[in-house]
Each structure stands twice: as structure tokens, then as C-alpha cells.
Amino acid sequence: MIVLSWNIRGLGNPRMFPALKKILQMHGPHLIFLCETKLRTSQMNEVCNKLNYENCFAVSSNGRGSGLAMLWNSETNVQVKSFSKHHIDVEIQMDNGRQVRCTGVYGHPEMKQKRHTWTLLRRLTDLSSSPWLCFGDFNEILHPCEKSGGNERHPNLIHDFREALRDCDLLDVGFKGYPFTWSNGRSREGYRDN
């Protein structure tokens, strides 16, 4: 099973739809999780159709940085278990009959709200005994080296994220590609990756 998770930062941006379509054509994921779509449910359903994905579960955007969507093709048997403006939790029936749980997460970006994301993960962990794949944008780092420039990350924030993952028996599987996934768009002076 191929899964794609992307904080797309606005699917209404004219550059994002072609970029997403190209990635889908290259990799053919069975399941796609998008966060920060900045679209209403009806708009996201239109995007799903344009991408030739038969199924879409969307949580409408209600602000500048919100909106979630889980898309899957007709070959993938998905049942939505729960959702909020910060997650979509599904179970997938595999061809061999096994159940796999997949949860797309968009963590609270505000520092004072991050504990709500960790509480959500801890609550979700007890809802199923199926193998669990949890992905998305947690809006936090596990190690100081995952951030370049700007203010240092407070060690307690990093510690709380690590504790939540440990409590949920989740492991970081790493990544391929450029290590920094966000920049503030400034010139080199004052440039910050996050």
C-alpha cells in the first residue's frame, strides 16, 4: 500500500494542483492525506474528482490554515472511524483480510495548544489493536537538528512530542529528500527553515 501525506498549504494555489497531480501520477498512492487544504468540503470533492480518485473524506477549512482531506482509490477498502479539524482516522481492509489503521494528523500550530495534539494521539491509540500508521504535519520536531535558523525550539516542546509518541508506541520512520519542509520565504538574510 502506498500512502502520501502532504501539508499542501492551500490547494487553491494555482501551482499546487498540478504539482499534486504530477506526484500522484508518478507514485500512484492508494491513500492520500492532505492538510491545510484551505478548501470547503464541496471544493475538496471537486478536486478529488479532477484527480481521478473515487473517494474523499474532507474536513472543511474554517480559517487560514485549516482543512483536511483523505482520498483513496476504488481498490482501497476504507472505513472512516473518527475525525476532527486536526485528524482523520481510518481503517483499511487489506487484500489479505488484515485491518490496518491509518491516521492523518494536523497538529496544533499554536505553542499553547500543542498538548491537545498529544492528548488526541493518546486517545486514538486505545481505539484499535490493528497495526497503526500515523502521518501528517505534527507541527513539532523530535530533534533540534530538524530546525534551522530562527528561535531555538524549547526543549519541553520537543520532550512532550517524544513522550506522546512513546506513550502511543509510535516510531519515526524518517524521510527522504530535503530535510527542511518550510521556509518563511525571506531572502537568505533572515532565512528560516522549519
Side-chain angles (χ1 to χ4, degrees), residues 2-24 26-27 29 31-39 44 47 59-70 84-88 102-122 124-125 132-194:
I2 301 170
V3 176
L4 169 72
S5 174
W6 188 6
N7 182 334
I8 199 147
R9 291 184 177 88
L11 203 43
N13 178 329
R15 293 187 323 239
M16 288 302 153
F17 182 81
L20 177 59
K21 192 164 187 153
K22 182 177 180 180
I23 289 170
L24 298 183
M26 287 173 51
H27 300 286
L31 184 73
I32 304 158
F33 175 69
L34 301 172
C35 53
E36 284 195 50
T37 62
K38 301 181 184 180
L39 297 177
M44 194 60 228
V47 168
V59 178
S60 282
S61 172
N62 63 354
R64 283 188 41 218
S66 63
L68 307 176
M70 190 82 77
S84 72
K85 64 181 182 174
H86 291 281
H87 86 287
I88 300 175
C102 292
T103 306
V105 175
Y106 177 62
H108 285 270
E110 304 88 15
M111 209 174 300
K112 292 180 180 180
Q113 301 296 319
K114 290 190 182 294
R115 63 185 166 79
H116 296 299
T117 302
W118 315 145
T119 300
L120 171 67
L121 287 178
R122 288 179 177 106
L124 289 171
T125 199
W132 189 21
L133 179 61
C134 193
F135 43 80
D137 182 351
F138 294 89
N139 275 310
E140 192 51 80
I141 59 174
L142 287 171
H143 307 284
C145 64
E146 295 176 352
K147 182 179 184 315
S148 174
N151 295 331
E152 249 182 61
R153 204 74 182 153
H154 195 282
N156 287 348
L157 295 172
I158 295 170
H159 176 267
D160 291 349
F161 185 27
R162 287 180 185 168
E163 285 294 309
L165 295 185
R166 192 173 346 208
D167 291 349
C168 298
D169 290 325
L170 293 170
L171 302 172
D172 181 7
V173 295
F175 65 93
K176 284 185 180 179
Y178 188 67
F180 303 112
T181 58
W182 179 87
S183 81
N184 61 9
R186 294 185 190 154
S187 64
R188 200 70 204 145
E189 186 177 314
Y191 183 78
R192 179 176 77 216
D193 284 329
N194 201 14

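Remark: Glu140 engages Arg153 in a salt bridge, criterion side-chain N to carboxylate O under 4.0 Å.
Every residue two or more places apart in sequence or in another chain was checked for a salt bridge (charged side-chain N to carboxylate O under 4.0 Å, His left out) with Arg15, and none qualifies. Here Ile23 pairs with Leu4, Trp6, His27 under the side-chain contact (heavy atoms from CB on, under 4.5 Å) rule; sequence neighbours left out. With sequence neighbours excluded, the residues forming a side-chain hydrogen bond (donor to acceptor under 3.5 Å, both in side chains) with Ser84 are His87, listed by chain and number.
Checking side-chain atoms of His108 against main-chain N and O of Thr117 turns up no donor-acceptor pair under 3.5 Å. For the pair His154 (side chain) and Asn156 (backbone), a donor-acceptor distance under 3.5 Å is present. With hydrogens and angles ignored, the 3.5 Å screen pairs a side-chain donor or acceptor of Lys114 with a backbone N or O of Asn139. At least one donor-acceptor pair under 3.5 Å links the side chain of Glu146 to the backbone N or O of Leu142.
Remark: Phe138 CZ to Cys35 SG distance equals 10.0 Å, nearest 0.5 Å. How far CE of Met70 is from SG of Cys102: 7.0 Å, rounded to the nearest 0.5 Å.
Taking a 6.0 Å sphere around CZ of Arg115, one finds it holds 12 or fewer heavy atoms contributed by other residues, nucleotides or ligands. More than 12 non-hydrogen atoms from other residues, nucleotides or ligands lie less than 6.0 angstrom from NZ of Lys21.
Of the residues Thr125, Leu171, Thr103, the one that meets the side-chain contact (heavy atoms from CB on, under 4.5 Å) test with Cys134 is Thr103.
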